[in-house]
Amino acid sequence: MLKIHNTLTGKKEAFEPLVPGTVRMYVCGVTVYDDSHIGHARSALVFDVLRRYLEYSGLRVTFAKNFTDVDDKIIKRANEQHVGCDAITAKYIQAYHDDMRRLGVRPASIEPRATEHMADIVRLTETLIAKGLAYQVDGDVYFDVAQYADYGRLSKRRVEDLQAGARVDVDERKRHPMDFALWKSAKPGEPSWPSPWGQGRPGWHIECSAMSIRHLGETFDIHGGGMDLIFPHHENEIAQSCGATGKEFARYWMHNGFVQVNQEKMSKSLGNFFTIREIFEKSEWPEAETGELLRYFLLGTQYRGPLDFSDQALKDAKHAVNGFYDLFARLAETGEPASGDAGVNPAIERCTAAFQSAMDDDMNTPMAIAALQGLRSDLNKLLAEGLSVDARRKGREAFRSLGQVLALFQLDQWAFNVEAGGHRSRASEVEIERQIAERTEAKKRKDFTRADAIRAELAAQGIAIEDKPDGTSRWKR
RNA sequence: GGCGCCGUACCCAAGUGGUAAGGGAGCAGUCUGCAAAACUGCGAUGCAGCGGUUCGAACCCGCUCGGCGCCUCCA
């Protein structure tokens, strides 16, 4: 039984989907005007893992994640570069997809864009006006916060408090400082769409209400995003959606914590900003392995807590993940039935139970990883007793099926070595095998000087050797 | 001013009332021609500090200290 920490109530609650057997979830994606950073990566991964776990649990998931493709920042960027907004959004949607692919984050089942939902947005705005929850001023439409009694329910803020702390220049035309735009009239040179209030474009919050209702229905199960979206974005979404439909909107609200650098939120002004692209490009490891390390690192902390990113953190992850792939390499070797076989199933069952109860507890991925570490340790011990090919296959399969929930342990091999200069100078496998064969011969002759020389040569190229009991050796980069 | 988060061993990180998971690093040992890997052992009498509630608190309450976030665009 999955329990989820619901921001709405501030408590862990048993998750019960509205329609048994299916889950509808919506996650706020990105505004496509720039490369995504490691913080976006965390949010995307966390909800991808949630989706994977729900599916693993036997539920059918409809997962919508939007692209905000109308926005001030996009317009600004387009003007700076003297290109159309379309060029900017197309470029960064592509970039986002590239980043997610490298990260191993699956595409959502629906990826709606604001510009493709203008009719829904206009209709929703009309409904809010008709219900007296919104008003028109010139060509703009604002949500009337004072008319919506539950405003502040999600973020636990009171309208009066917000007023006191407001630092924004108050638009005199607004009835209340906290009123927010549903529709903005077009300024020259901006993209715009027709509406009953003239040419214009939607405010930020309305698109998510319109798109989630369109694709998931008026009431759906889970709505997620980063902590910073709680206010005002999600608060406003609730006001708009519940205001318009009179029904409950999302039933469970989930928010992931921030990725920080040196205990501080990442920001461009502090110069502590890491894009996903540059992490991959600067990585000393190949792409697939870098993605694996990033995932292991990002899931090593429970999703609601803060998480500090650094090169060292990635290296720590490398050391930890190494241990798993070293085991997988051993499991891939041949073996004969032996006393260890009997222990495999119980070990897998123990791990599976621990894994599930960790994930059930508000997606406690660090604990789930600990369960996998436990299985690693168990299998290493059983391996010492001897394991048949079949038992080894079963062991590897357990890591694949459980790891799949975390997008981990799907690689066939772990082919790199950080200490020895990375992947840039690659020796061919044939050449490596040849040298290893020569070394095996040298060892047979007890010519250890020669054997050690070959080992040193390979090490200089980033090839690590492990001798097996039968006299042959395995290697890895 | 309002709302909220964090502070657990050298590092990462679970645990949120019943007597401190796990990993990485380190040290010692087993194995090995030597390594590597693996395995075994060692490592917080204490969970920022001080009070309080309780038979019992890292977990609940209060205060203090330190760090951070949101209230304006933000994953």
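Quick note: numbers below take in every heavy atom, side chains included, and nothing from hydrogens, waters or symmetry partners. To find a chain, count down the sequence lines: A is the first, B the second, and so on, and within it residues start at 1.
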Is [X] salt-bridged to [Y], going by a charged N under 4.0 Å from an acidic O?
X	Y	value
A:R439	A:D467	yes
A:R113	A:D69	no
A:E190	A:K184	no

Could you pick out which residue, A:G226 or A:Q312, lies toward the 5' side of RNA chain B when each is mapped onto its nearest nucleotide?
A:Q312
OP1 or OP2 of B:rG24 versus the side-chain N and O atoms of A:H319: is any pair under 4.0 Å?
no
Does the ring center of A:Y26 lie less than 6.0 Å from the ring center of A:H223?
yes
Strictly under 3.5 Å: I want the nitrogen or oxygen pairs between protein and nucleotides 2-5 of chain B, one per line.
from  : atom 1 : to     : atom 2 : distance (Å)
B:rG2 : O2'    : A:D161 : OD2    : 2.8
B:rG2 : N2     : A:R157 : NH1    : 3.1
B:rC3 : O2'    : A:S155 : O      : 3.4

Any base atoms under 4.0 Å from [X], or only sugar-phosphate, or nothing? Heavy atoms, all strands.
X	value
A:D467	base
A:Q260	sugar-phosphate
A:F448	base

Would you call the rings of [X] and [Y] parallel, tilted or perpendicular, where under 30° means parallel and over 60° means perpendicular?
X	Y	answer
A:H97	A:F67	perpendicular
A:W253	A:H234	tilted
A:Y325	A:F328	perpendicular

Short N/O separations, protein against nucleotides 37-41 of chain B, under 3.5 angstrom:
from   : atom 1 : to     : atom 2 : distance (Å)
B:rA37 : O2'    : A:R330 : NH2    : 2.6
B:rA38 : O3'    : A:N380 : ND2    : 3.2
B:rC39 : OP1    : A:N380 : ND2    : 3.4
B:rU40 : OP1    : A:K381 : NZ     : 3.1

Could you go through the salt bridge (charged side-chain N to carboxylate O under 4.0 Å, His left out) check for A:R445 and A:E441 one step at a time?
CA-CA 6 Å; A:R445 294 194 310 270; A:E441 284 309 307; 5.4 Å; no
Only one of A:F180, A:F143, A:W183, A:Y142 forms a ring pair (Phe, Tyr, Trp, His ring centres under 6.0 Å) with A:H205, so which one is it?
A:F180
Find the runs of at least 3 consecutive base pairs, i with j, i+1 with j-1 and so on, that include RNA chain B, using Watson-Crick or G-U wobble geometry with both distances under 3.5 Å.
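The stems that RNA chain B takes part in, listed by first number, are B:1-7 with B:65-71, B:10-12 with B:22-24, B:26-30 with B:38-42, B:48-52 with B:60-64.
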Could you write out each protein N or O paired with an N or O of nucleotides 18-22 of chain B at a distance under 3.5 Å?
from   : atom 1 : to     : atom 2 : distance (Å)
B:rG22 : O2'    : A:Q373 : OE1    : 2.1

Once ring-ring contact (aromatic ring centres under 6.0 Å, His included) is applied, what residue pairs with a partner in residues 447-477 of chain A remain, sequence neighbours excluded?
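Applying ring-ring contact (aromatic ring centres under 6.0 Å, His included) to every pair that reaches into residues 447-477 of chain A, excluding sequence neighbours, yields nothing.
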Among pairs that include at least one residue of residues 370-385 of chain A, which meet salt bridge (charged side-chain N to carboxylate O under 4.0 Å, His left out), considering only residues two or more places apart or in two chains?
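Qualifying pairs: A:R350-A:D378.
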